Amino acid sequence: MEDVFNLQEASSTLSSQLDAYITGAIEASPKIVLALFIIFVTWAVVAVARFILRRVCARMRLRRNLVDVLSMLTSTTIWLTGLLIALAVVFPSITPGKALTTLGLGSVAIGFAFKDTFENFLAGILILLREPFAIGDHVECEDVEGQIEEITIRDTRIRQTDGQLVVTPNHHLFQNPVTVRTDKDLRRTTIICGVAYGENVDEARKVIQDAVAHVDTVRDDVKDVEIYAQSFGASSIDFEVTWWTGSKPHDIRASRDQVIAAVKSALDEAGIEIPFPYRTLTFNEPLPIKNMSEEDSSAPKRKAS
């Protein structure tokens, strides 16, 4: 009898709880429907906002990665607002202030757990907003140098001149000095050219000046070719030869190759010597000098067998 009584009591309790759940669901159904409607409206607002944002950014000619970041931030803000409103409708006891407080505490914990990820994320947003460099630029940052292929929110992809791809975290580029080699269309390059001490300095300078100015890759129409006698070298008077050419690494190498060939040819035609390194040897005591013919005659001769 006692077991039957306990079974009846448990069945009665379960039935009453189910009735309470069904009654509560029926009473809350208008709120749930309203919350679902709010979520649907939020989705529609997000779609419209992203469409308008992309149209505006296209007219402003902003880069695609920056448009994606702005679209993501806008969508996240609208979704967060809509979900908070829907949550407050279904559960009136949960006010937006309490919900934001809970989200704030959770964000702090998540921030500590994913510190590096958020650091790269914020650095990527600042890089995209400030635009210190663009896709296609040749940059150098510490031991990384190459052409930028893609800028994402988390990292930047740099293709080195040897073909290797370097994926660099954005905080590395944001916190360290970055040299943008292609910020301008032109870049200055320099070589050192030496002539013998017996040559006329002014004449050698004029020959080098004319040779460099006639090279196709030298932009003497924009910037003048500059040649200065720099120093007294070990075997020559050294000239600093400076000119302007394209800013890409290939432009620099190609122009330097043509300038060196042109200067060498011009100096040879003018009879101006480009000296080899000279060495002067000094001995404390005189060295005996022997005549090779005398040395050969003093050597014992072999008898023919």
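All of these numbers come straight from a predicted model, not from anything done at the bench.
Annotation: side chain of Ile158 is in contact with side chain of Val139 (closest heavy-atom distance under 4.5 Å). Side chains of Thr182 and Phe133 form no contact here, defined as non-hydrogen atoms less than 4.5 Å apart. Within the 4.5 Å cutoff, no side-chain heavy atoms of Ile52 are placed close to those of Arg54.
Asp155 and Thr152 form a side-chain donor-acceptor contact under 3.5 Å, judged by distance and modelled atom types alone.
Across all their heavy atoms, Pro275 and Ala196 have their closest contact at CD-N, 3.5 Å. Of all heavy-atom pairs between Val180 and Pro132, the closest is CG2-O, 3.8 Å. Across Ala266 and Ala211, no two heavy atoms sit closer than the pair CB-CB, 3.6 Å. Shortest non-hydrogen contact noted between Gln147 and Gly136 is NE2-O, 3.3 Å. Minimum heavy-atom separation, Ile135 to Glu149: CG2-O, 3.4 Å. Nearest approach of Glu240 to Ile192, heavy atoms of both residues: CA-CD1, 4.0 Å.
Tracing side-chain contacts under 4.5 Å through hydrophobic residues (I, L, V, M, F, W, Y), one reaches Val48 starting from Val56; they form part of the same cluster. There is a path of hydrophobic side-chain contacts, each under 4.5 Å, that joins Val45 to Phe40. Taking hydrophobic clusters as Ile, Leu, Val, Met, Phe, Trp and Tyr residues chained together by side-chain heavy-atom distances below 4.5 Å, Ile252 does not share a cluster with Trp244. In the hydrophobic cluster analysis, where Ile, Leu, Val, Met, Phe, Trp and Tyr join through side-chain heavy atoms closer than 4.5 angstrom, Leu34 is grouped together with Ile85.
Contacts of Asp224 classified as salt bridge (charged side-chain N to carboxylate O under 4.0 Å, His left out), with partners at least two apart in sequence or in another chain: none. With sequence neighbours left out, Arg181 forms a salt bridge (charged side-chain N to carboxylate O under 4.0 Å, His left out) with Glu140, Glu145.
If you take NE2 on His214 and CD on Gln209, they are separated by 11.0 Å, rounding to the nearest 0.5 Å. To the nearest 0.5 Å, atoms CZ (Arg157) and CD1 (Ile151) are separated by 12.0 Å. Taking CD1 of Ile148 as the start and CG of Asp137 as the end, the distance is 6.0 Å to the nearest 0.5 Å. To the nearest 0.5 Å, atoms SG (Cys141) and CG (Asn176) are separated by 4.5 Å. The CG atom of Asn170 lies 11.0 Å from the CD atom of Gln175; values are rounded to the nearest 0.5 Å. Here the CG atom belonging to Leu165 is positioned 4.5 Å from the CZ atom belonging to Arg159, to the nearest 0.5 angstrom.
Environment of CG in Asp162: crowded, with over 12 heavy atoms of neighbouring residues, nucleotides or ligands closer than 6.0 Å. Annotation for Asp185: atom CG does not count as buried by contact number, only 12 or fewer foreign heavy atoms lying within 6.0 Å.
Panel note: side chain Glu199, backbone Glu273; a donor-acceptor pair is recorded below 3.5 Å. Thr245 places a side-chain N or O within donor-acceptor distance of the main-chain N or O of Thr217, the cut-off being under 3.5 Å. Within the 3.5 Å criterion, the main-chain N or O of Ala261 finds no donor-acceptor partner in the side chain of Ser265.
Taking a 4.5 Å side-chain heavy-atom cut-off between Ile, Leu, Val, Met, Phe, Trp and Tyr, the cluster of Ile272 extends to Ile191, Val195, Tyr197, Val201, Val207, Ile208, Val212, Val215, Val218, Val225, Ile227, Phe232, Ile237, Phe239, Val241, Trp243, Val259, Ile260, Val263, Leu267, Ile274.
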Practice prompt. Any chance you could lay out the side chain to side chain contact (heavy atoms under 4.5 Å, CB included) test for Lys184 and Ser247, step after step, and finish with the verdict?
Written response: CA-CA 7 Å; Lys184 300 293 184 180; Ser247 58; 5.9 Å; no

So Lys206 and Asp202, salt bridge (Lys or Arg N to Asp or Glu O under 4.0 Å) or not? Walk me through it. CA-CA 6 Å; Lys206 185 177 184 306; Asp202 294 331; over 6 Å; no

Set out, in order, the CA-CA distance, both residues' side-chain angles and the distance that settles side chain to side chain contact (heavy atoms under 4.5 Å, CB included) for Ile39 and Trp79, then state yes or no.
CA-CA 8 Å; Ile39 293 175; Trp79 271 114; 4.0 Å; yes

Report the C-alpha separation of Asp257 and Arg253 in whole Å, then their side-chain angles, then the decisive distance to 0.1 Å, and conclude whether the salt bridge (Lys or Arg N to Asp or Glu O under 4.0 Å) test is met.
CA-CA 6 Å; Asp257 173 79; Arg253 292 195 298 268; over 6 Å; no

Worked check of side chain to side chain contact (heavy atoms under 4.5 Å, CB included) between Leu126 and Phe174:
CA-CA 8 Å; Leu126 292 175; Phe174 186 76; 3.4 Å; yes

